[in-house]
Protein chains: 2
Amino acid sequence: MAPRARSPRVPSSSRARILAAASAEFAARGFDGAGVDRIARQAVVNKAMIYYHFASKAALYREVLRDMFCAAGERVRAIASREIPRAAKVREFVAALAAEAERRPHFPPIMLRELAEQGRHLDPETLRLMHVMPATLRSILRAPTGGREAGVPDPFLTYCSLLGPVMFFFASAPVRTRITRLGLAQVDGPPLADFVAYMQRTAMRLMAEGSGAARPLRRARSSRRRHAQRPRP
Amino acid sequence: MAPRARSPRVPSSSRARILAAASAEFAARGFDGAGVDRIARQAVVNKAMIYYHFASKAALYREVLRDMFCAAGERVRAIASREIPRAAKVREFVAALAAEAERRPHFPPIMLRELAEQGRHLDPETLRLMHVMPATLRSILRAPTGGREAGVPDPFLTYCSLLGPVMFFFASAPVRTRITRLGLAQVDGPPLADFVAYMQRTAMRLMAEGSGAARPLRRARSSRRRHAQRPRP
DNA sequence: GTCTATAAATAGATAGAC
DNA sequence: GTCTATCTATTTATAGAC
């Protein structure tokens, strides 16, 4: 059976090393590709220790996922609660995504894998944590701004347009390096600061709904109650 | 050993069924998670048949990847060669990505998985095929337009901003369905036509480099020869 | 908390008949 | 081209000593 359910934050050192090694292994190989043996070796820990701290490979994976989405969620929530203009919040939101991906390099690959995995490893609680990011962006975009900016951009489409490129940019780095090394092309990508600045400008453009020739997105046959995002009842 | 290297396009029916079943299985489970047994069952074919047609699970996977990137590459190349304005090509490029994802639902998840996989399963030839999409977008954006539109948007960043959301949108559908079913929120996403229209508008906004307050992206400390994308020498 | 040894199941791959 | 039976390696997981 498992040790005390880590109520006090004493990660026992080996537990923390296992989590770190596991997130690296899961990011690089995926849940099925990851080996408990490899995780143990990388954590400089005996394999049996993993089963002492975690009930199973799946439980270990769940812990990695929750840590990840929890950290990302808290980061963006902190931004939403600040007393700054809506546009500034959106810029900070973008910077937060990139900062989180930079600080935890395993975040983007694991996120992309989980999407492809169709949520097979995602229990309800983890799904809820994963949903904090889009829900927070929505609250930022929908919040009354006290004045102008009548045209509110679609929260979900905006989320796709921001998170998609950020995840793609970070997760694609190794493949791009390989393409470059092979001499197919040079696709190193810009420095991080440039990328963030670009994405922030993109975000501002996406928010400019009513300006120029842009007209509000018209919904084609808005069948049933599709694409509404309501808060909990 | 393998049968005749399929010079004439006679997929022998069972071979085609195997490929179809394999792409579904690889998309849903990834290379390591996929089971040759499951592929055989889904293709209504004996497992040994798979090894009659393909040298190994890895070889089968490579074939799936190449078919996929080949189709996507040809589709966008056809657009680049048409005699239409640059902006129209970009809009068509976006529509092509979405159409390809719609026609081959396994394309987005496999693409995302391969990024996360750091190209472990990508041999040089497959990498080359994968690179056709960004290279084609670059040629579209960089081509002389004969006149105005001086500010050329960054090809790689534009690629991230278009492909990222498209892959994200399609690949996230199953997870979004689960979130909706759980009652966490309604994130069905808009109908395909709306999404494409939105992404096309986004593309147009990204191309409007010099307009309004937007200034060309300034590179921060462009260390070494980073982020240049040169054609083959 | 840590380690050795091992059980138990799975899955990729092949031999060989038809 | 197709199928049955099987070999072999890998891998999750656990029992139990220290």
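First the proteins, then the strands, lettered A, B, ... as listed; each starts at 1. What you are looking at is a predicted structure, and each value in this text was computed from that prediction instead of being measured.
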Trainee: Rounded to whole Å, please give me the gap between CD in B:E25 and C1' in C:dA11.
Mentor: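 Nearest whole value for this atom pair: 12 Å.
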Trainee: Counting the atoms with a prime plus P, OP1 and OP2 as sugar-phosphate, which does A:A34 contact under 4.0 Å by heavy atoms, base, sugar-phosphate, or nothing?
Mentor: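 Sugar-phosphate, backbone atoms only, no base.
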Trainee: Whole angstroms only, please: what is the CE-P distance between A:M49 and D:dG16?
Mentor: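 Checked: the CE to P distance equals 20 Å.
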Trainee: Regarding B:R66 and B:E63, does a basic nitrogen lie under 4.0 Å from an acidic carboxylate oxygen?
Mentor: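 Salt bridge flag = no for B:E63 with B:R66.
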Trainee: Atom CG of B:L60 to atom C1' of C:dA11: distance rounded to whole Å?
Mentor: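 Rounded to the whole Å, the gap is 15 Å.
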Trainee: Specify the residue among A:A48 and A:G33 whose closest nucleotide of DNA chain D lies further upstream toward the 5′ end.
Mentor: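 Looking at DNA chain D, the more 5' nearest nucleotide goes with A:G33.
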Trainee: Quick one: sort the A:F26 and A:F31 rings into parallel, tilted or perpendicular, breaks at 30° and 60°.
Mentor: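 Ring orientation, 0 to 90° scale: parallel.
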Trainee: Between C:dA13, C:dC3, D:dA13, which one does the side chain of B:K47 approach most closely?
Mentor: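 Within the option list, the nearest is C:dA13.
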Trainee: Output the single nucleotide from C:dG12, D:dT14, C:dT2 whose closest atom is nearest the side chain of A:Y51.
Mentor: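 Selected nucleotide: D:dT14.
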Trainee: Among C:dG12, C:dA15, D:dG1, find the nucleotide with the atom closest to the side chain of B:Y52.
Mentor: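 Output: D:dG1.
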Trainee: What is the distance, to the nearest angstrom, from the CZ atom on A:F54 to the P atom on D:dT14?
Mentor: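 Those two atoms, CZ and P, are 15 Å apart.
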Trainee: Regarding B:E74 and B:R77, does a basic nitrogen lie under 4.0 Å from an acidic carboxylate oxygen?
Mentor: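 B:R77 and B:E74: not salt-bridged.
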Trainee: Compare all side-chain heavy atoms of A:V196 with those of A:F169 and state whether any distance is below 4.5 angstrom.
Mentor: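 Not in contact.
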Trainee: Return the value, rounded to whole Å, for the distance between atom CZ of B:R41 and atom P of C:dG12.
Mentor: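 Taking CZ of B:R41 and P of C:dG12, I get 12 Å after rounding.
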Trainee: Report the distance from atom CG of A:D37 to atom C1' of D:dA9, rounded to the nearest whole Å.
Mentor: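 Going from CG in A:D37 over to C1' in D:dA9 covers 13 Å.
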Trainee: Can you check side chain to side chain donor-acceptor pair (under 3.5 Å) on B:S13 and B:R17, steps first, answer last?
Mentor: CA-CA 6 Å; B:S13 174; B:R17 282 207 311 279; 3.3 Å; yes
Trainee: Select one nucleotide: of D:dT4, D:dA13, C:dG12, the one nearest the side-chain heavy atoms of B:K57.
Mentor: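 Of all the options, the side chain of B:K57 is nearest to C:dG12.
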Trainee: Distance check needed: C:dA13 C1' versus B:Y61 OH, whole Å only.
Mentor: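 Atom-to-atom, B:Y61 to C:dA13, this comes out as 20 Å.
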Trainee: Can you find a side chain N or O atom of B:S14 that sits less than 4.0 Å from OP1 or OP2 on D:dT2?
Mentor: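 Affirmative; the distance criterion is met.
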Trainee: B:S56 side chain: which of C:dT4, C:dA13, D:dC3 is closest?
Mentor: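 Selected nucleotide (nearest to the side chain): C:dA13.
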Trainee: Can you tell me if the side-chain N/O atoms of A:N46 get under 4.0 Å from OP1 or OP2 in C:dG1?
Mentor: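 No, A:N46 has no side-chain N/O under 4.0 Å of OP1/OP2 on C:dG1.
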Trainee: Rounded to whole angstroms, how far apart are CG on A:D32 and P on C:dA11?
Mentor: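 Distance check: A:D32 CG to C:dA11 P gives 10 Å.
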